[in-house]
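Because the structure is predicted, anything quoted here is derived from the model rather than measured. If you read the sequence from its start, that first residue is 1, and numbering goes on from there.
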Amino acid sequence: MRITFLLPSDNLTGGNRVVAIYAQHLVARGHQVLVVTCAPDRMNLRNKVRALLRNNWQQLRNNAAPQPGHIALSGITHKVLERPRAITASDVPDADIIIATWWETAVWMHTMPACKGRKVHLIQGYEVFPGQKTIDKVHAALQLPNLKIAISSDLKQTIENKLGNLGIYVIPNAVNLTQFNAHPRSKQYTPTVGFVYSIAHFKGADVCTRACELARQQIPELKVVAFGADKPSKEVPLPTNTEYYYRPEQAYLQKIYSACDAWLFGSRLDSFGLPILEAMACRTPVIAVPIGAASDLLGDGTGILVAKESSEEMATAIVTICRQSANEWQERSDRAYRKAHSYSWDDATTCLLNIIQLKNRE
C-alpha cells in the first residue's frame, strides 16, 4: 500500500519515534511510506530577546539550526514544508492510507479528498495542555469521521469518558527489542535509580528528584542517573551528584537503563510512557505513577505503582527495591524482561494493518 503520515514537526519526542518505527516496519513489509512534516517553528523576536537575557545560547543555536528528529534519522522518505503552515492536499500524493498523528493534522486530513487515502487518526495523546485554550478544537478533531487508534487503553478511556464512545481501537506501543535488551545481571554494587529529565512540569522530573532525595535519607549512597533532551535548569534541579546524559545517542540508552536497579516514571501527563517499557526490556524494574500505559504494564506486580505526584510513595518503593535480596530483585527483573519482550513492534504493525484492512472491507 501507499501510506502517508502527517506530523506537525520532526523532533526527538516519543511520538515521533513511534511514527518512525511504524514507518520502518511498514517499508520492511514492502509498503511505500512517506512522512510529511511542517517546517520547524522559528522563535519570534520577543522570545529571542528573552533567550538572550537568560543566556540560553543552546535555545538560540537550536533555533538557528534545528537538530534532526526521529524521522530524519530513520531514513524514511521525508518531505518537509518550506515554512510553518497547514499541510494541504497539494502537499501529499495520492495514497491508499493517510495517517494523522496530532489533532491539528487530523483537521488538515479531514479536508483532503478521498484520493489521498483512507483516513486514520493515530491518537498519541489527549492533547489538551494547561494554559492552552484549544480544548474545543481538540475535542472537535477527535470527533471527526475517521478510523481512530489509540496507543493505550488509558488514553482511550480518558477520551471516551469526555466525549462518549468513539469506536477507538487500541494498539499499544512496543519497543525495539534489539536495541533495548540486556543479559541477566545482578543488582548494582551501589544502589542506583534513574529517570528521564525534562524541564516541562507535566513530565514530573521534580517528582522523581524529590523521591530520590527522600530515599537518600535511608540510603545515603543512592546513585542517580538521568538523561533528557533539556539541559538541567535551576528551576527544575536534578538530585545532587546526578550522572546526567544530555541528548545521548539512541544506541546508548540501553546502557543507561541497564545500569539501574530501578527506573522512575513520575509524569503528570503521558499517553503511554515509552521509557517504562524500554527500561523493562533492559531488565530494570520500574516504579511509576498510574499514567499512560503504566497500569497495564505494571499492575500485575511486574513493577511498583505509586500514587500520582507522590514522591513519598516513590521514595518508599525505591528503598524497597534497593533493599531486596539478590534473588528477589532478580525475580522482579526477570518478570519485567519477560513482559516487555512478549510484544514487539512487528506485532503492533500487524495489528495496525489488520485493523486498517478490516475497516477497508466494511
Side-chain angles (χ1 to χ4, degrees), residues 1-42 62 65-125 127 141 144 146-151 169 171-176 179 229 247 250 271-272 274 344-346 348-353 355-357 360:
M1 293 188 293
R2 300 163 298 166
I3 302 172
T4 304
F5 285 90
L6 307 180
L7 275 76
S9 64
D10 185 21
N11 51 48
L12 293 174
T13 60
N16 276 36
R17 185 194 299 178
V18 167
V19 173
I21 293 171
Y22 266 128
Q24 289 173 323
H25 278 261
L26 289 166
V27 168
R29 296 188 183 203
H31 301 287
Q32 299 176 38
V33 178
L34 170 68
V35 179
V36 181
T37 64
C38 299
D41 287 328
R42 290 288 191 265
N62 287 345
Q67 295 188 342
H70 286 298
I71 305 303
L73 295 172
S74 71
I76 295 297
T77 304
H78 180 201
K79 177 179 179 179
V80 183
L81 301 192
E82 77 287 352
R83 58 184 173 82
R85 61 172 175 82
I87 300 172
T88 66
S90 62
D91 297 314
V92 302
D94 290 354
D96 300 297
I97 303 294
I98 185 167
I99 303 177
T101 62
W102 171 259
W103 73 267
E104 282 181 298
T105 62
V107 174
W108 302 338
M109 178 180 71
H110 180 65
T111 66
M112 297 182 187
C115 62
K116 300 304 176 181
R118 174 67 186 264
K119 295 170 182 175
V120 179
H121 187 179
L122 179 61
I123 306 171
Q124 300 200 77
E127 294 148 348
L144 291 172
N146 51 47
L147 171 58
K148 297 173 177 59
I149 299 172
I151 60 172
Y169 290 84
I171 303 178
N173 287 336
V175 292
N176 184 329
Q179 176 185 356
R247 292 180 177 266
Q250 291 296 303
S271 303
F272 190 84
L274 275 176
S344 69
W345 276 117
D346 197 50
T349 302
T350 296
C351 290
L352 176 66
L353 291 172
I355 290 173
I356 289 173
Q357 290 164 359
N360 282 343

A side-chain contact here means heavy atoms from C-beta on lying under 4.5 Å apart; do [X] and [Y] qualify?
X: Thr105; Y: Leu7; result: no
X: Met112; Y: Ile98; result: yes
X: Ile97; Y: Thr4; result: no
X: Lys116; Y: Asp94; result: yes
X: Val35; Y: Asp10; result: no
X: Leu352; Y: Thr350; result: no
X: Val36; Y: Leu81; result: yes
X: Trp108; Y: Thr88; result: no

Could you please spell out the steps behind the side-chain contact (heavy atoms from CB on, under 4.5 Å) verdict for Val19 and Ile71?
CA-CA 8 Å; Val19 173; Ile71 305 303; 4.1 Å; yes

To the closest 0.5 Å, what do you measure between [atom1] ([X]) and [atom2] ([Y])?
X: Leu122; Y: Asn146; atom1: CG; atom2: CG; result: 11.0 Å
X: Arg2; Y: Gln32; atom1: CZ; atom2: CD; result: 7.5 Å
X: Asn16; Y: Leu73; atom1: CG; atom2: CG; result: 10.5 Å
X: His70; Y: Thr13; atom1: NE2; atom2: OG1; result: 6.5 Å
X: Ile21; Y: Asn173; atom1: CD1; atom2: CG; result: 8.0 Å

Set of residues satisfying salt bridge (charged side-chain N to carboxylate O under 4.0 Å, His left out) with respect to [X], sequence neighbours excluded:
X: Arg118; value: none
X: Arg85; value: Glu82, Asp91
X: Lys148; value: none

Scan side-chain atoms only and decide if Ser9 and Asn11 contain a donor-acceptor pair under the 3.5 Å cut-off.
yes

Residue pair Trp102, Glu127: steps toward the side-chain contact (heavy atoms from CB on, under 4.5 Å) verdict:
CA-CA 8 Å; Trp102 171 259; Glu127 294 148 348; 3.3 Å; yes

Would you check, one step at a time, whether the test side-chain contact (heavy atoms from CB on, under 4.5 Å) holds for Val18 with Trp345?
CA-CA 9 Å; Val18 167; Trp345 276 117; 3.8 Å; yes

Under the side chain to side chain contact (heavy atoms under 4.5 Å, CB included) test, residues paired with [X] that sit two or more places apart:
X: Ala141; value: Trp103, Val107
X: Ser271; value: Ile151, Leu155
X: Thr349; value: Tyr22, His25, Leu26, Arg29, Leu353

Does Ile123 form a side-chain contact (heavy atoms from CB on, under 4.5 Å) with Thr101? I'd like the steps, not just the answer.
CA-CA 6 Å; Ile123 306 171; Thr101 62; over 6 Å; no

Do the side chain of Gln179 and the main chain of Gln250 share a donor and acceptor less than 3.5 angstrom apart?
yes

